[in-house]
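Quick note on labels: first sequence line is chain A, next is B, and so on, each numbered from 1.
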Amino acid sequence: MKARATSADSRRVVPRHWGYLAGDTVAAARRLLGCTLVSTLDGVETGGVIVETEAYLGLKDPASHAHASKGRTPRNDAMFAGLGTLYVYVSYGIHHCLNVVTGEAGDPVAVLVRALEPSTGLDAMAERRGRAGDLCNGPGRLAQALGITLRHNYHDLARPPVQLVKGAPVSDADVGSSGRIGVSRAEDWPLRFFVRGHPAVKAPRW
DNA sequence: GGTCGGATCATCT
DNA sequence: GATGATCCGACCG
């Protein structure tokens, strides 16, 4: 029998509540469909059910912010912070996008949340968005609707003010996949997942 | 209804 | 100085 590890460092245990995301980022991207994202800011609760995701596979993924050609930088550092960490970045200088880190500490893999079915705080989301419709059907839009910005980078999604709550799994028959949107490298990697036929999800290119 | 280009900035070359 | 994991308003059929 092997010697029992004694240092605290060796007890690298995946928290129970993240068990369903551990091990395989592509599977995690599928399993995040049906889960709920909730933000509670200034006493206002807003949130929705995840209906579209994209997996980004870290070092070996040319489309990932943490591809080996870039290394660990201040921008992508939150991707290295471990399972259940929120990674936020600014896109095109205007929009914020929100990712769930799905790798253990040091493994920079993550899932981009691309669309939600709004479920809580519709009025507050509409106010933040400055319009009544198109609240969460796009990565920049949902970040704005939930009030999430760079200051939430590194946040632990197990606790407020931004929480990821596990939902009932979406059956395989209801899950569609396609290439990722808006990337210029590894376009054909089938790492986008979505709830088939959902109105917040734009038709895939293929 | 569809397509086009501007906005705007952290990051990297 | 160029590049985006984007959105929106303007314009054209």
Side-chain angles (χ1 to χ4, degrees), chain A residues 21 25-33 35 37 46 48 50-81 85-103 107-118 125-155 157 162 164 176-195 198-206:
Chain A
L21 298 179
T25 295
V26 178
R30 282 174 159 276
R31 289 181 189 145
L32 279 168
L33 298 175
C35 296
L37 209 46
T46 53
I50 297 172
V51 295
E52 181 182 356
T53 60
E54 280 177 4
Y56 286 86
L57 305 184
L59 303 176
K60 63 183 180 185
D61 183 352
S64 170
H65 290 167
H67 183 242
S69 66
K70 303 184 176 74
R72 188 169 181 164
T73 69
R75 182 204 201 187
N76 64 28
D77 189 66
M79 295 182 79
F80 293 79
T85 303
L86 181 62
Y87 167 48
V88 182
Y89 68 90
V90 179
S91 176
Y92 291 87
I94 303 171
H95 304 286
H96 296 276
C97 294
L98 194 159
N99 298 251
V100 178
V101 176
T102 54
D107 181 18
V109 293
V111 174
L112 171 69
V113 180
R114 289 194 56 89
L116 306 178
E117 164 69 38
M125 290 196 276
E127 190 170 335
R128 289 187 186 127
R129 294 271 302 121
R131 64 190 58 229
D134 290 340
L135 296 181
C136 296
N137 54 338
R141 297 198 249 248
L142 73 89
Q144 184 184 28
L146 297 195
I148 292 169
T149 67
L150 270 184
R151 59 196 205 112
H152 303 294
N153 200 20
Y154 294 102
H155 175 70
L157 287 165
V162 186
L164 174 65
S177 70
S178 78
R180 293 173 290 187
I181 302 221
V183 299
S184 56
R185 289 170 285 251
E187 287 179 61
D188 53 334
W189 292 18
L191 298 180
R192 174 180 178 238
F193 299 98
F194 52 89
V195 175
H198 192 282
V201 179
K202 289 171 211 133
R205 284 205 281 272
W206 50 272

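Remark: A/Arg180 is positioned above the aromatic ring of A/Tyr56, its terminal NZ or CZ atom under 6.0 angstrom from the ring centre and at most 45 degrees off the axis.
Applying the side-chain hydrogen bond (donor to acceptor under 3.5 Å, both in side chains) test to pairs two or more places apart or on separate chains, those with a residue in residues 133-142 of chain A are A/Asp134-A/Asn137, A/Asn137-A/Arg141.
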Exercise for the section: Take A/Arg30 and A/Ser177, measure what side chain to side chain donor-acceptor pair (under 3.5 Å) needs, and give me the verdict at the end. Expected result: CA-CA 9 Å; A/Arg30 282 174 159 276; A/Ser177 70; 5.6 Å; no
Exercise for the section: Could you check A/Val88 against A/Cys97 for side-chain contact (heavy atoms from CB on, under 4.5 Å), going step by step and ending with a plain yes or no? Expected result: CA-CA 6 Å; A/Val88 182; A/Cys97 294; over 6 Å; no
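Residues satisfying the side-chain contact (heavy atoms from CB on, under 4.5 Å) criterion with A/Val101, sequence neighbours excluded, are A/Thr85, A/Tyr87. Here A/Arg131 pairs with A/Arg129 under the side-chain contact (heavy atoms from CB on, under 4.5 Å) rule; sequence neighbours left out.
Following rounding to the nearest Å, A/His96 (NE2) and C/dG4 (C1') show an atom-to-atom distance of 15 Å.
First and last contacting nucleotides of DNA chain B toward chain A (any atom under 4.0 angstrom from a heavy atom, 5' to 3' order): B/dA7 to B/dC12.
Paired with A/Pro108 under the rule side-chain contact (heavy atoms from CB on, under 4.5 Å), one option of A/Leu59, A/Asp77, A/Thr102, A/Asn76 passes, and it is A/Leu59.
A/His96 and A/Gln144 form no side-chain donor-acceptor contact under 3.5 Å, judged by distance and modelled atom types alone.
With a cut-off of 3.5 Å on both pairing distances, the Watson-Crick and G-U wobble pairs of DNA chain C assemble into stems of 3 or more at B:1-7 with C:6-12, B:9-12 with C:1-4.
Remark: side-chain polar atoms of A/Asp188 are not paired, donor with acceptor, to backbone N or O of A/Gly179 under 3.5 angstrom. For A/Thr53 (side chain) and A/Ala29 (main-chain N/O), a donor-acceptor pair under 3.5 Å exists by modelled atom type.
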For nucleotides 5-10 of chain C, print each protein N/O atom paired with a nucleotide N/O atom at under 3.5 Å, atom names and distance only.
| from | atom 1 | to | atom 2 | distance (Å) |
| --- | --- | --- | --- | --- |
| C/dA5 | OP1 | A/His65 | NE2 | 3.4 |
| C/dA5 | O4' | A/Tyr56 | OH | 3.3 |
| C/dA5 | N9 | A/Tyr89 | OH | 3.4 |
| C/dA5 | N7 | A/Ala63 | O | 3.3 |
| C/dA5 | N7 | A/His65 | NE2 | 3.1 |
| C/dA5 | N6 | A/His65 | N | 3.4 |
| C/dA5 | N1 | A/Asn99 | OD1 | 2.5 |
| C/dA5 | N3 | A/Tyr89 | OH | 2.9 |
| C/dT6 | OP1 | A/Arg114 | NH1 | 3.3 |
| C/dT6 | O4' | A/Ser91 | OG | 3.3 |
| C/dT6 | O2 | A/His95 | NE2 | 3.0 |
| C/dC7 | OP1 | A/Pro139 | N | 3.1 |
| C/dC7 | OP1 | A/Gly140 | N | 2.8 |
| C/dC7 | OP1 | A/Arg141 | N | 3.2 |
| C/dC7 | O4' | A/His95 | NE2 | 2.7 |
| C/dC8 | OP1 | A/Arg129 | NH1 | 2.8 |
| C/dC8 | OP1 | A/Arg129 | NH2 | 2.8 |
| C/dC8 | OP2 | A/Arg141 | NH1 | 2.1 |
| C/dG9 | OP1 | A/Arg131 | NH2 | 2.8 |

